[in-house]
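Have a look at the structure below, then the notes.
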Amino acid sequence: MLVLYVACEGESTEPDYLQYLNEQFGDGDGQDRQPFRIQPVYRRYGRTPCEVVATVAEAAGEDEAWALFDRDQWADIPQAIKDAAASRIELAFSHPSFDLWLLLHFQAFGGAQSGSSKLVVEKLRQAKGAEAFGDFDKKGDKSVKGSRRNALKGREEKAVAHARNLVASCAHGLCMPGQAKIGPVGDDDPQSPHQWAARSGHAPDCPVLQRDPSTDMWRLLARLRIVEP
């Protein structure tokens with residue numbers, strides 16, 4: 001069984017979603033997709049990106065490690081990427097936030113958001129098929145359980161396609177989802193921060209903070225063979 005430790009910036013939405021992946025796909029399909037287990041690593045009130053990387057480096061041991069965090073308005077993202085590269089921790093970065101990944105299950109999205117999730121959340125609440133998210137982020141409820149999980153089912157390929165399109169349409173101009181690294185980290189993989197951040201398919205000289213909007217979550221699903229890359 002493939003075991004992944006995924007440390008999250010958030011305390012609710014991301015861990016809930018990862019548990020959804022465990023429940024929905026973790027047993028494998030008896031064919032190409034092997035069983036897996038994601039171990040979410042999170043805490044109340046969340047963590048900064050650097051804390052996310054440090055935490056999963058300690059928790060994962062010899063198992064595969066991923067750091068999941070958002071753009072928001074964090075100042076330590078460049079350092080977090082350096083730390084992840086040094087420790088060979090995979091990145092699942094979302095700009096402006098993980099909420100974008102949820103939205104992409106229902107519709108395409110574009111346009112720079114400068115770290116603000118306001119429009120993303122509004123679109124998610126109103127998206128066709130996403131009625132269960134109509135009160136998302138109201139009264140502090142950003143959970144992904146029950147009817148919200150049910151709304152996501154069967155939409156993984158659509159979400160991945162929309163996320164890949166965001167890479168292809170990046171303003172940098174040389175970013176291509178086909179360049180993304182999907183397999184496990186190899187001993188000979190480059191470790192410079194720019195090259196490490198380019199595992200998402202973005203060009204090595206494409207500034208991470210300018211990948212707006214974007215989400216690397218599609219790579220996690222491709223890594224787990226939930227969808228074909």
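Just so you know, these numbers use all the heavy atoms, side chains as well, and skip hydrogens, waters and symmetry mates.
A salt bridge does not link Lys123 with Asp99: every distance from a Lys NZ or Arg NE/NH1/NH2 to an Asp or Glu carboxylate oxygen is 4.0 Å or more. Note on Arg223 versus Glu90: no salt bridge recorded, every NZ/NE/NH1/NH2 to OD/OE distance being 4.0 Å or above. Look at Glu11 and Arg43 and you find no salt bridge, because none of the NZ, NE, NH1 or NH2 atoms lies under 4.0 Å from a carboxylate O. Lys118 and Asp137 are not joined by a salt bridge, as no carboxylate oxygen comes within less than 4.0 angstrom of a charged side-chain nitrogen.
Counting only N and O atoms by type, the side chains of Gln19 and Asn22 include a donor and acceptor under 3.5 Å apart.
In this structure, CD1 in Ile226 is found 7.0 Å from CD in Glu156, a value given to the nearest 0.5 Å. A distance of 10.0 Å separates OG of Ser117 from NE2 of His95, quoted to the nearest 0.5 Å. Taking CZ of Arg125 as the reference point, atom CG of Leu103 lies at 12.5 Å (rounded to 0.5 Å). Atoms CD and CD, on Glu9 and Glu14 in that order, are 6.5 Å from each other to the nearest 0.5 Å. Cys50 contributes atom SG, which lies 4.0 Å from atom CG of Asp76 (distance to the nearest 0.5 angstrom). To the nearest 0.5 angstrom, Asp72 atom CG is 9.5 Å from Ser116 atom OG.
Side chains of Val185 and Arg199 form a contact here, defined as non-hydrogen atoms less than 4.5 Å apart. Side-chain contact check for Arg155 versus Phe106: some heavy-atom pair is nearer than 4.5 Å. At least one side-chain heavy atom of Met217 sits less than 4.5 Å from a side-chain heavy atom of Ser94. At least one side-chain heavy atom of Leu221 sits less than 4.5 Å from a side-chain heavy atom of Leu21. Between Glu23 and Arg149 the shortest side-chain heavy-atom distance falls below 4.5 Å. Put simply, the side chain of Gln113 reaches to within 4.5 Å of the side chain of Leu119, judged on heavy atoms. Using a 4.5 Å cut-off on side-chain heavy atoms (C-beta onward), Pro96 and Val120 make contact. Within the 4.5 Å cutoff, the side chain of Arg211 has heavy atoms near those of the Ser200 side chain.
Annotation: Tyr42, atom OH; neighbour count of heavy atoms from other residues, nucleotides and ligands within 6.0 Å does not exceed 12. The number of heavy-atom neighbours closer than 6.0 Å to CD of Glu157, taken from other residues, nucleotides and ligands shown, is 12 or below. Under a cut-off of 6.0 angstrom, the local environment of CD in Gln24 is crowded, with over 12 non-hydrogen atoms contributed by other residues, nucleotides or ligands. No more than 12 heavy-atom neighbours from other residues, nucleotides or ligands sit within 6.0 angstrom of NZ on Lys181.
Of the possible polar contacts, none joining the Trp101 side chain to the Val160 backbone as a donor-acceptor pair under 3.5 Å is found. A donor-acceptor pair under 3.5 Å links the side-chain atoms of Asp216 to the main chain of Phe93, judged by distance alone. Side-chain N or O atoms of Gln73 include one that pairs as donor or acceptor with a backbone N or O of Ser114 at under 3.5 Å.
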- Task: Determine, step by step, whether Phe36 and Val3 satisfy the side-chain contact (heavy atoms from CB on, under 4.5 Å) criterion, reporting the C-alpha distance in whole Å, the side-chain angles of both residues, the deciding distance to 0.1 Å, and the verdict.
- Result: CA-CA 6 Å; Phe36 65 81; Val3 178; over 6 Å; no
- Verdict with reasoning, Leu102 to Thr13, per side-chain contact (heavy atoms from CB on, under 4.5 Å): CA-CA 10 Å; Leu102 298 178; Thr13 313; 3.8 Å; yes
- Kindly determine whether Ser214 and Cys170 satisfy side-chain contact (heavy atoms from CB on, under 4.5 Å), including the steps that lead there. CA-CA 8 Å; Ser214 68; Cys170 179; over 6 Å; no
- Message: Would Val56 and Val6 count as a side-chain contact (heavy atoms from CB on, under 4.5 Å) here? Give the steps.
- Response: CA-CA 7 Å; Val56 79; Val6 182; 6.0 Å; no
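In this structure, Leu209 is a member of the same hydrophobic cluster as Leu91, with clusters built from ILVMFWY side-chain heavy atoms closer than 4.5 Å.
Looking at every heavy atom in both residues, Arg148 comes nearest to Ser143 through NH1-O, 2.8 Å. The shortest heavy-atom contact between Asp212 and Ala112 is OD2-CB, 3.3 Å. Of all the heavy atoms in Lys145 and Asp16, the pair that sits closest is CE-OD1, 3.3 Å. Between Leu4 and Leu220, the closest heavy-atom pair is CD2-CD1, 3.8 Å. In this structure, Leu100 and Phe109 approach most closely via the heavy-atom pair CD1-CD2, 3.7 Å. Closest heavy-atom contact between Ile89 and Ala67: CG2-N, 3.8 Å.
Listed by first then second residue, pairs satisfying ring-ring contact (aromatic ring centres under 6.0 Å, His included) with a partner in residues 202-229 number zero, not counting sequence neighbours.
For the pair Arg71 and Trp74, the cation-pi criterion (under 6.0 Å, within 45° of the ring axis) is not fulfilled.
Taking the centre of each ring, Tyr17 and Phe98 come in below the 6.0 Å mark.
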